[in-house]
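Read through the structure below, which is laid out as structure tokens, and then see the notes.
Both ligands and their constituent atoms are indexed starting at 1 by order of listing. Computed from a predicted model, the values in this text were never measured in an experiment.
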Amino acid sequence: MAASTFQHALGTVKFLGWDSSPGSQNGISTFSVKMVSKDFGLDMRLLKRGNCSSGSCKLRMVHALASHSSVADPVQAPSNQNSSDSQKKTNETALILIRHGESLWNEKNLFTGCVDVPLTQKGVEEAIEAGKRISNIPVDIIYTSALIRAQMTAMLAMTQHRRKKVPIIMHNESQQAKTWSQIYSGDTMKQSIPVITAWQLNERMYGELQGLNKQETADRFGKEKVHEWRRSYDIPPPNGESLEMCAERAVAYFKEQIQPDLLTGKNIMIAAHGNSLRSIIMYLDRLTSQEVISLELSTGIPMLYIFKEGKFIRRGSPVAPSEAGVYAYTRKLALYRQKLDEMLH
Ligand SMILES: O=C(O)[C@@H](CO)OP(=O)(O)O
């Protein structure tokens, strides 16, 4: 039989054909399928025995196998995993945005931009506190920037999550990195959350201000000039990116990579930066370039959105893991939390 592909919610499943191995004896045929999951960057070849002979039967078995190997949460997450037309159907999913905790250069009041600086002790504590606040909200995929302060924040926050899945950074930078970081257990995968890193979510590149002290720069160039560089929409700092330029790549990435995951029912957390998140919030909340100027984000504060019927509904920041308002708002979130309670008691 010619190789055929099958579209599963988790990725593309490719039927590679019948195997002529000893498994095809005694009327039991062996067939081989390959599953390429977008979520896990997974490229897994599986051998499965089956006794089907018709093409449709084979495809059904391939589907069953793909479902078996999926990262679907045994706690019924508020997603449409059981729906065959989940691509089109209306979903209600959670989107958490979190700016990284305080970095060593935040503490020193230095322009940071794309310089890769780690968290301070306070930043570590902020990330853990943020994790407590979202510990009852489902997370299926994590997106972070390529910078360590956002990645540390995401990882530390997930140590507090009640579902206790393991966040795993996907290494797709080369074929070797991909191959060497593969997971070969479906069960282990079910207990994992893919962490996708993307430079497009990086902080706005601050050009020749990177490494300069913010106060000293204001003293030297004037308060107004520095405020214009920091908070105007379309005026870039010397040889750096304006917020508009940062928004072009961050929002394009959100629309092309993250929004399709939300549409297929995935609950997403994005750990990123002051300006890349301001850009994304401008898109989510339909802010004008005037309105975004006054938007300020604190370090380590998670913000929750519900994605429903193609719209982003801002829910603000859960103040505590048990905040009633968040769970009262959506039945699916309340149900998820209830299942966690049942599972953990
Ligand atoms: O230095 C930076 O990279 C950013 C975020 O800390 O600063 P600003 O608040 O000026 O955009």
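In summary, Arg249 and Glu241 engage in a salt bridge, as defined by a charged side-chain N under 4.0 Å from a carboxylate O.
Screening Pro237, Ser242, Pro236 for a side-chain contact (heavy atoms from CB on, under 4.5 Å) involving Trp229 leaves a single residue, Pro237.
A donor-acceptor pair under 3.5 Å is formed between the side chain of Arg278 and the backbone N or O of Leu295.
Every protein residue with a heavy atom nearer than 4.0 Å to ligand 1 is included here: Arg99, Asn106, Leu110, Phe111, Thr112, Gly113, Glu203, Tyr206, Lys214, Arg230, Arg231, Asn275.
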Side chain to side chain contact (heavy atoms under 4.5 Å, CB included) between Ile193 and Val166, intermediate numbers included
CA-CA 6 Å; Ile193 301 176; Val166 179; over 6 Å; no
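With ring centers used as reference points, Phe254 lies under 6.0 Å from Phe312.
Both cation-pi conditions hold for Arg204 and Tyr206: the charged atom is under 6.0 angstrom from the six-membered ring centre and inside a 45 degree cone around its axis.
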